[in-house]
Amino acid sequence: MSCKFCGPKLSLVGVVLSVWGIIQLTLMGVFYAIKSVALLEDLPLGGSHKDISEFIGEVETGYTQNSHNCWIAALLYVITLVISGHQFWLNNRSSVSM
Amino acid sequence: MALCQLFIQPEAAYTSVSELGEAGTVQFRDLNPEVNAFQRKFVNEVRRCDEMERKLRYIEAEVHKDKVPVPQVKDMPRAPNPREIIDLEAHLEKTENEILELSHNAINLKQNYLELTELKHVLEKTEAFFAAQEEIGMDSLTKSLISDETGQQAATRGRLGFVAGVVQRERVPAFERMLWRISRGNVFLRRAELDKPLEDPNTGNEIYKTVFVAFFQGEQLKSRIKKVCSGFHASLYPCPPSNTERQDMVKGVRTRLEDLNMVLNQTRDHRQRVLVSVAKELASWSIMVRKMKAIYHTLNLFNMDVTKKCLIGECWVPTADLPNVQKALADGSNACGSSIPSFLNCIESDEVPPTFNRTNRFTRGFQNLIDAYGVASYRECNPALYTIITFPFLFAVMFGDLGHGLIMAMFGAWMVIKEVSLSAKKTSNEIWNIFFAGRYIILLMGLFSMYTGLVYNDIFSKSMNIFGSSWYVPYNESTLEHNKALSMNPTESYIDTPYFIGIDPIWQTAENKIIFLNSYKMKLSIIFGVVHMIFGVCMSVVNYNFFKRRYSIFLEFLPQVVFLCLLFLYMVFMMFFKWVAYSTLSEDEAYTQGCAPSVLILFINMMLFSRTAPEAGCKEFMFEGQGTIQRVFVLVALCCIPVMLLGKPLYLLSTKKKHVKPEQSNGNVNQGIELQEQTDIGEVQPKPQPQSSGGHDHDDEPFSEIMIHQGIHTIEYVLSTISHTASYLRLWALSLAHAELSEVLWNMVLTFGLKDHNYVGAVKLYVAFFFWAFFTLAILVMMEGLSAFLHTLRLHWVEFMSKFYAGLGYIFQPFCFKTILEQEDEE
């Protein structure tokens, strides 16, 4: 098979990792979207701000930005899942046919 | 566990033991330990089995050589009955001979084939040499030779002789040099390498060879060259000098080669057929033979009756399995159609029976943890039962994280669900086998860690605000803007109902989170530790009760438990009292948060009878009369020490004086019984006697020994209450380390992908998540999990089990075909 480039172990690792990634990153995206306080420390914030309202604005854009980033990363893991799942399937099939 | 005597008819012995082996419930004892292995009754049978095993090994090796697949047996064959044994033996003999003959023939044929191929090559390759020679002409060759030896007479001139053959390639340089030396350069050697490797008929290895033709002059040189050739294991082939003859010969050789090839293929096919048919039966045969051998080995442990009419065997049987054993015996005698039934007779014995804890696949892992420390003495209280809960729990206290617990629980659950298919796959991967054997432990550890993670409110180092935090921010915007950190006063910002379960999520954002968690987790670990240790001490009552040392309950257990409770349980009590009594909202000024005394300082003061002056408005003690109570507690606890130290030795001394005479008569009675039992071996008496009284070993020791023992025990116990309590602080230390490590990992790795203002962050997050996940698994789950596991193991072995567990027993090893076969497979 020409498009097989992962061994059985690597493809399994890919499947497990991407399933984990999809679940966790999607959830993190949701938590950013609902502005979870626990994730405040991880926001991209500038050092100085003039007053409270500017700070709050910055935090809110940070939350939306991060939630979008999380979902995009989750999508990337969906792609990884598809690729490694396909590889895994190929590996399994070839080992059965042997 | 009962010691039983089996009386079996010699005819039924084989089948009965076979049935017992299938059931796997009895442990046989060697009744003739003084007879060496070659003088036993069934030596010949064992030898026959050995011989059959050897044949099987040979056949297996041949089967493997031809890469014929050996199918696994689906259902285990039973041990063959004696008639089948003879058939099997004959069959094996036949097969072995067949294979031997086949391979012998094959080797001969191959040898032939090799020679012919070599000859063919020699003829073909030399063709080129001769052709070249003929072009140059013989004359020029002789001329050049003559010109070399101008000083010599030309009378020896004649036709050049030659020898053609094949030699191994790696020997060629040495061969050439040797020829040159013996002939002083008068041999002309031409050689050509064979492109394809030839097959060695004996080993089947590939060998590379070179064809050579050596031209020379004179008979003397010829004989010398031949000697050199044989010395170098070069095979020489006749090679006719004339061209046409050579052509004919090549043709002849080719046809012969073709014929030979056909014959060779046929033998190969035949061999393949034989091996395939053997391979089908091979696995079941080897199992049958191994079972047979095990049976005869067991029969060798039996004793012959005086009348030579029945075999007597002694074995340990779990009492619950007695009906199974009787059924197996009945089946065994039915199978051989014997009219006289075998019977089973339980006998009384002073000997300590082996320890047998019936386990299932769930409890086996936990029992193994205990047995690794020491196999319980017979009917000693088995801590494995309590370990099932305490082990995962103490582990979880150290490993508390909902996310990591979830990963571990999922891994354990996967192994438990796929149990059947996974255990069918046998691997020699040791690490995997360890994990798989502990699958239920891992599952429970994971589940408990999820619970403690929920209590610590930690999921991958983040907190969850599920039930709504009980705190709110009372400050206005300008205050927030001008202060870097603000402390929250419970009177203003606490809603007065605590968070529903576990730690309030507000602490995750607090600067003083670690200070708070440290104090909380330290107290928690001391509380768990003290409860665990008191439980361990209480377990010793069960042992004292069973081993008929009731006096120890009063003279050892009671002072021990009083000592532990008065000092350390009291400390635990102070912790709870402090939690309950002191509050910011309290009306009494002495019970506000500023006045809460340190439990540790209070405890130290209590032990040293000293005091610390309280701050203004506060009280030194938590409640009225605490000072007096503490003083009484310490004094009573100190009084327990001499009781522990002297109580038991003095008691033993007093009872010894009273019962001097009866003890001697006891000994006589015992000896009398043993004499009756073992009629054959009268002389080998004294040895088992001292061992047999293992239950109360202090009886026959001198007073000084007992005193020293008790002194050591007492000192150990008193010191250990302090050191073991402190040892439980590892619960706090590891849980702190785990929480901090997971927080650091999040902040160092995952945050890398979360600090971007644009969509590049998504790709960074994708990469960062990969690394974060990898390190979470490798460091936090695997490494930290392993370290927490080891610490938990230590807490159980040292801190818990040292309070009551002796572990001086020996394990019950039943005669069971399944374990015998598994053991041999591992080897």
Side-chain angles (χ1 to χ4, degrees), chain A residues 9 12-32 34-56 58-59 61-81 84 98, chain B residues 403 406-407 410-411 414 457-466 468-469 471-473 475-482 505-511 513 743 746-774 776-777 781:
Chain A
K9 278 179 196 159
L12 183 63
V13 167
V15 169
V16 171
L17 177 77
S18 42
V19 168
W20 181 4
I22 291 164
I23 294 171
Q24 184 171 348
L25 288 171
T26 315
L27 283 178
M28 275 171 68
V30 171
F31 292 140
Y32 273 116
I34 61 168
K35 304 191 173 50
S36 162
V37 187
L39 296 168
L40 182 71
E41 289 168 15
D42 302 323
L43 288 181
L45 296 178
S48 60
H49 41 84
K50 280 192 212 109
D51 56 7
I52 285 264
S53 57
E54 192 193 321
F55 175 71
I56 289 175
E58 205 177 339
V59 167
T61 47
Y63 269 126
T64 34
Q65 180 67 47
N66 266 5
S67 71
H68 290 166
N69 279 358
C70 281
W71 283 328
I72 293 168
L75 274 183
L76 291 178
Y77 273 109
V78 170
I79 297 167
T80 319
L81 176 67
S84 48
M98 260 163 66
Chain B
L406 185 68
I407 292 171
M410 270 167 32
F411 179 56
W414 172 71
N457 215 336
D458 253 349
I459 171 163
F460 297 123
S461 84
K462 296 288 159 193
S463 298
M464 296 176 298
N465 188 4
I466 303 174
S469 174
W471 296 73
Y472 56 89
V473 181
Y475 304 108
N476 60 17
E477 287 193 2
S478 63
T479 328
L480 288 174
E481 209 166 344
H482 293 104
I506 193 88
W507 284 106
Q508 203 219 323
T509 54
E511 295 252 311
K513 177 192 181 191
E743 197 174 329
W746 183 289
N747 288 340
M748 301 284 274
V749 182
L750 200 59
T751 307
F752 167 74
L754 292 169
K755 289 276 181 188
D756 273 273
H757 291 284
N758 46 31
Y759 289 104
V760 181
V763 182
K764 276 187 172 178
L765 184 60
Y766 175 79
V767 178
F769 180 81
F770 168 78
F771 284 102
W772 179 80
F774 172 75
T776 297
L777 277 188
V781 178

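Chain naming here is simple, since letters A, B, ... match the order of the sequence lines and numbering starts at 1 in each.
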Completion exercise
Smallest heavy-atom separation, Ser463(B) atom then Ala38(A) atom, equals O-CB, 3.6 Å
Practice task
Enter the distance from Phe769(B):CZ to Gln24(A):CD here, rounded to the nearest 0.5 Å.
Solution key: 4.5 Å
Problem - Side chain, backbone, both or neither of Asn465(B) within contact of chain A (heavy atoms, under 4.5 Å) - result: neither
Handout entry: Under 4.5 Å from any heavy atom of chain B - which part of Leu76(A)
Key = both
Problem - Considering all heavy atoms, the nearest Leu750(B)-Met28(A) contact - result: CD2-CE, 4.1 Å
Problem - Region of Leu25(A) that comes under 4.5 Å of a non-hydrogen atom in chain B - result: side chain
Handout entry: Residue among Val767(B), Val763(B), Asn758(B) with most heavy-atom pairs under 4.5 Å to chain A
Key = Asn758(B)
Problem - Leu39(A), part contacting chain B, at a heavy-atom distance under 4.5 Å - result: side chain
Problem - His68(A) and Tyr759(B) aromatic ring geometry - parallel, tilted or perpendicular at 30°/60° bounds - result: parallel
Completion exercise
Per-residue tally against chain B (heavy atom, under 4.5 Å) across Ala74(A), Gly62(A), Gly21(A) peaks at Gly21(A)
Handout entry: Minimum heavy-atom distance between Cys70(A) and Leu754(B), given as atom pair plus value
Key = SG-CD2, 4.3 Å
Problem - Any side-chain heavy-atom pair of Thr509(B) and Val37(A) under 4.5 Å - result: yes
Practice task
Using a cut-off of 6.0 Å, state whether more than 12 heavy atoms not belonging to Phe411(B) lie near its atom CZ.
Solution key: yes
Exercise for the section: Pick one of side chain, backbone, both or neither for Phe55(A), based on which atoms fall under 4.5 Å of a heavy atom in chain B. Expected result: neither
Practice task
Take Val760(B) and Asn69(A) through the test side-chain contact (heavy atoms from CB on, under 4.5 Å) and record every step on the way to the result.
Solution key: CA-CA 8 Å; Val760(B) 181; Asn69(A) 279 358; over 6 Å; no
Problem - Residue among Leu777(B), Thr751(B), Leu765(B), Asn747(B) with most heavy-atom pairs under 4.5 Å to chain A - result: Leu765(B)
Fill in the blank from the handout: Smallest heavy-atom separation, Lys462(B) atom then Asp42(A) atom, equals NZ-OD2, 3.6 Å
Practice task
Give, as side chain, backbone, both or neither, the part of Thr776(B) having an atom under 4.5 angstrom from any heavy atom of chain A.
Solution key: side chain
Problem - Heavy-atom closest pair, residues Glu41(A) and Gln508(B) - result: OE2-O, 3.9 Å
Exercise for the section: Nearest 0.5 Å please: distance from the CZ atom of Phe774(B) over to the CG atom of Leu17(A). Expected result: 11.0 Å
Completion exercise
When every non-hydrogen atom of Phe770(B) is compared with those of Tyr77(A), the smallest separation belongs to N-OH, 3.3 Å
